[in-house]
Each structure stands twice: as structure tokens, then as C-alpha cells.
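We name chains A, B, ... by the order of the sequence lines, and we start the count at 1 in each one. Atoms considered below: every heavy atom in the structure, side chains included; atoms not considered: hydrogens, waters and symmetry mates.
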Number of protein chains: 2
Amino acid sequence: MKKNKKNILNKALELFNDFGYTSVSIRQIASEIGISHSNLIYHYKTKNDIAIALHQELLVKALELNKTTIHNPNFIESLFDSTKKGFEILYQYRFLMIDFNSILRENEKLKQIILEVENIRATMYRNAINQAVKQGYMREREYDNEYDSLILTIKIFSDSWISSSEIYETIPSQEIIEKYSSLFVKLFFPFLTEKGKKVFLLMLDRESA
Amino acid sequence: MKKNKKNILNKALELFNDFGYTSVSIRQIASEIGISHSNLIYHYKTKNDIAIALHQELLVKALELNKTTIHNPNFIESLFDSTKKGFEILYQYRFLMIDFNSILRENEKLKQIILEVENIRATMYRNAINQAVKQGYMREREYDNEYDSLILTIKIFSDSWISSSEIYETIPSQEIIEKYSSLFVKLFFPFLTEKGKKVFLLMLDRESA
DNA sequence: GTAATTTTAGACCAAATGTACTAAAAAAAT
DNA sequence: ATTTTTTTAGTACATTTGGTCTAAAATTAC
């Protein structure tokens, strides 16, 4: 029965997001959806397997997003758009970001998956930046590896904005996503050309309207 | 006996850093230093109290650092210098950053302390930036709240570089600290004036030499 | 309709954890 | 020297957790 497996994932996601991955037990998840814990174990041997399955869901959604937004030739517009949508997806699976380290510490398999994904993501950003430079949206680098640093900063930001918002923010989820996706795109602003900055500020206006 | 209390903190810090806050138990800490767990509880009622005490140590060291570096009129130089030293201190207490959310979730007291400290830190950066603009090291803002965004980014970065490095890096601690403090200061580069950029690149050279 | 399989629940186990309580040992105060 | 206070160890308890095993129930295949 696929329905039960899906139920498990849905409830696990809900509980992980609300109470943190580590403090939710297999038994809790099972009890919440009204099945025995041994039944849950039958479907997912360990909590780690649930985490991997949920991460898989996240990947599928991210790939879908990628497909639809890859064909926008306007760098700035595409940046605003895909960031917002990407952050929404990430936020749905926020427990993965909030308990990043403790999850990966005891889940070598998921760690390997994430390392691979991370490489792909970095390459994507590198290509996007190269293209943006060619198209005259971003300026040339002003010192060695300047854009490698930017990419690394992007990685850190992407992995941790949710964690940070969890601590410091009291505003509703939707506003959090808007605030931090807006903050993310601003990482690019000082690297833009005059042409790029014009489009950027236009998008910023459109956003706040 | 103060010695035993200090032993507890030292060993707790070591274990927390190595294995993660959540997975280390009071009994483990006690056993490692050869005392009974009930004795440890006598000194620190809960693990939360140990975390608070360790965070207090961190605060003391950070305040000391602040005292010594506050009087450097050269913004760029002071930025490089205090970042490196600050990151070294943070790294000593890295479990606090790695398990940020799970610690604060069940330690309301520590959370309040951290929120206060965070405000102080933000104000410090705001003042430093204002001064840097006045001194001609940083340019004026180019859109509303541009530097508020920078400060927020700084906050996120400061709280999460250790967590990120823990996942992605295999290099030794000292190199991690150097890499990420270098990355941190680069957040400022694109906001610098020509004058500022010159000094910055000079410092960068001096660093890599 | 019967056999095979998949799914489910329940009982049981061993290990770990926080916590409380008691009493002995050590140190300090008088 | 003896009292008082502080520090320490030991024990015991209830709870939780992941995990195994067995058998019943439900579903699917033939």
C-alpha cells in the first residue's frame, strides 16, 4: 500500500519540521498516524531512511523547478524568480537545513548524496555567473578567485538561512521566505554592471510593490 | 573545589565539539573525567547549564578581543585582524554553532542571551560600517537599506561558517579558520572605495604570503 | 477458492538517559 | 576536636528508544 508509505513521509516531515529531527522518534511518527512502530519499521528500517526519502522528494521538486526556469535568458529576472521558488521548496523541507549537521553526522549515505548535489549546484552557479558576465550583467572579477568566493558564500547562505531565521525571526513563514530570498539575491548586487544594477533595482521595486 | 568544575567544562567542550552536543550525555562526560554522574549533576544540574557556562567562557574571550582591537583606526586592517581572531575563538566553541538550533530549542535562557549578544554585534558592525564610509574606505549605499542587508548577511555567515565547514571541509582546523575568515572579509570587498580596495588587496597579499 | 505474499500489530528485550534519594567522605568553620 | 557544610559515589527507578521475533490479518496471485 503506497498510501501508508506516503502517510509516513508526510507526518515525518511535519514532525521533523516542527520539533527537530533528533527529538522525533520512529515511535512518535507511527503513533501520530495510528500505526504500530513495527509497521513503520517495516516500511523504513531507520529514521535515516526516512530522511533520505524526504531528501529525495526535495531533489525531485528542485529538479522540476530547474527544468522550468532554465530557459530564461534574462539573468537578473531568472535569479529573482528561481531563488524565490527554490527557497520555498527548501523551506518545505526545512528540518534538513535546521538539523543539517546532526543528521549528516549519523547518515553517511545522505551526506554523500548532499555532497554530490552540492557540486552540481556550484557548477550551475559558476556557469550562470560566467554567462552573466558575458551578457554584461555582471562585471569581471577584480581579484583572483573573486567569484569562487562568491559561490562559496552562496553555498553557506543557502544552507543556513533557514537555520538562522528559525532563531531570530518571529514573522510568518511566507514573509521569512520573501525576506531571505530577497537577501540572497542582494548578494549579487555589488557585482553587477550599471546595466545589471538597473534591472536589479527595477526588480526590487516590483517585488516590494 | 574549583578544579573539578573546570575539568567538567573542559571535557564537556571537548566531547561536544567532537561528537555533537546532543549525542553526548552527562554520564559520558562524568565517566571520561572519572567522577560519578551524580557528582557532575551536583555541579551542573543539566547539560543546558554546562552549555550556558561554556557560552559564558566564549563571551569573556570575545569581550577581551574587543577591548584590544577596538582602537585600530584603519578599518580594513582591523577587519582582517579581528575577524581572524574572532573566528579562532568561535572555533574553540564550535559545538555551539554546529548544534545551534537543537541547543537553543531546549535552552530558552541561552537563547535570550544569544539574542542580546546578537543585537550588540549588529550595532558594532553598523557603527564600523558608518565610520568606514566616513573615512572613505566604503562607498555610500546604492539603494535603501543596502548595508542593513550586508549586516544581516554577516550575521548569517558568522553563525554558520563552522557548520558548513564541518560538512564540506577535510582540511585541518587552522586552515579552515584561515579560509573562512578570509572569505568573511571578502564580503566587504565589493562595497569598498578605490582607496579601500587598494588596502584590501594589499592585506590579501600579505595574508597569502 | 486456495496458496503465497505483503502488510500489520503486539509483545518482549537490552541499552541508555535523566533524575531522585541516601549516605559516606572530605573540607571548612567554629 | 567537633560540628557544619560541601563534595562525592552508589543505587535504584521510570521512561524512552531502537530493534527483534512471532503471528495474525489483508492483499495479491494463481
**Prompt:** Hey, are B:Ser163 and A:Asn101 close enough side-chain-wise for a donor-acceptor pair under 3.5 Å?
**Reply:** yes
**Message:** Under 3.5 Å, is there a donor on one side chain and an acceptor on the other for B:Tyr168 and A:Asp159?
**Reply:** yes
**Message:** We want to know whether A:Gln112 and A:Glu116 form a side-chain donor-acceptor pair, criterion being a heavy-atom distance below 3.5 angstrom.
**Reply:** no
**Request:** Would you kindly say whether B:Glu32 and B:Gln28 are connected by a side-chain donor-acceptor distance under 3.5 Å?
**Result:** no
**OP1 or OP2 of D:dT7 under 4.0 Å from side-chain N/O of B:Asn39** = no
**Complete:** From CD1 of B:Ile35 across to P of D:dG10 the rounded distance in Å is 12 Å
**Message:** Between A:Asn107 and A:Leu110 (side chain of the first, backbone of the second, donor and acceptor by atom type, cut-off under 3.5 Å), is there such a pair?
**Reply:** yes
**Fill in**
Atom CG of A:Leu40 and atom C1' of C:dA9 are separated, to the nearest Å, by 13 Å
**Asked** How does each nucleotide of nucleotides 15-22 of chain C score, in 5' to 3' order, for protein heavy atoms under 4.0 Å: base (B), sugar-phosphate only (S), or none (-)?
**Response** --BBBB--
**Asked** How close or far is atom C1' of D:dT7 from atom NZ of B:Lys6, stated in whole angstroms?
**Response** 20 Å
**Message:** Rounding to an integer number of Å, can you tell me how far B:Ile8 CD1 sits from D:dT7 P?
**Reply:** 11 Å
**Message:** In this structure, how many angstroms lie between the C1' atom of C:dT6 and the NE2 atom of A:His43, rounded?
**Reply:** 9 Å
**Fill in**
Separation of C:dA27 atom P from B:Asn4 atom CG, nearest Å, is 11 Å
**Prompt:** Taking OP1 and OP2 of C:dT7, is either one under 4.0 Å from a side-chain nitrogen or oxygen of A:Tyr42?
**Reply:** yes
Throw together a table of side-chain donor-acceptor distances under 3.5 angstrom for residues 170-179 of chain A, partners on residues two or more places apart or in other chains.
| residue | atom | partner | partner atom | Å |
| --- | --- | --- | --- | --- |
| A:Gln174 | NE2 | A:Glu88 | OE2 | 3.3 |
| A:Lys179 | NZ | A:Glu169 | OE1 | 3.4 |
| A:Lys179 | NZ | A:Glu169 | OE2 | 2.7 |

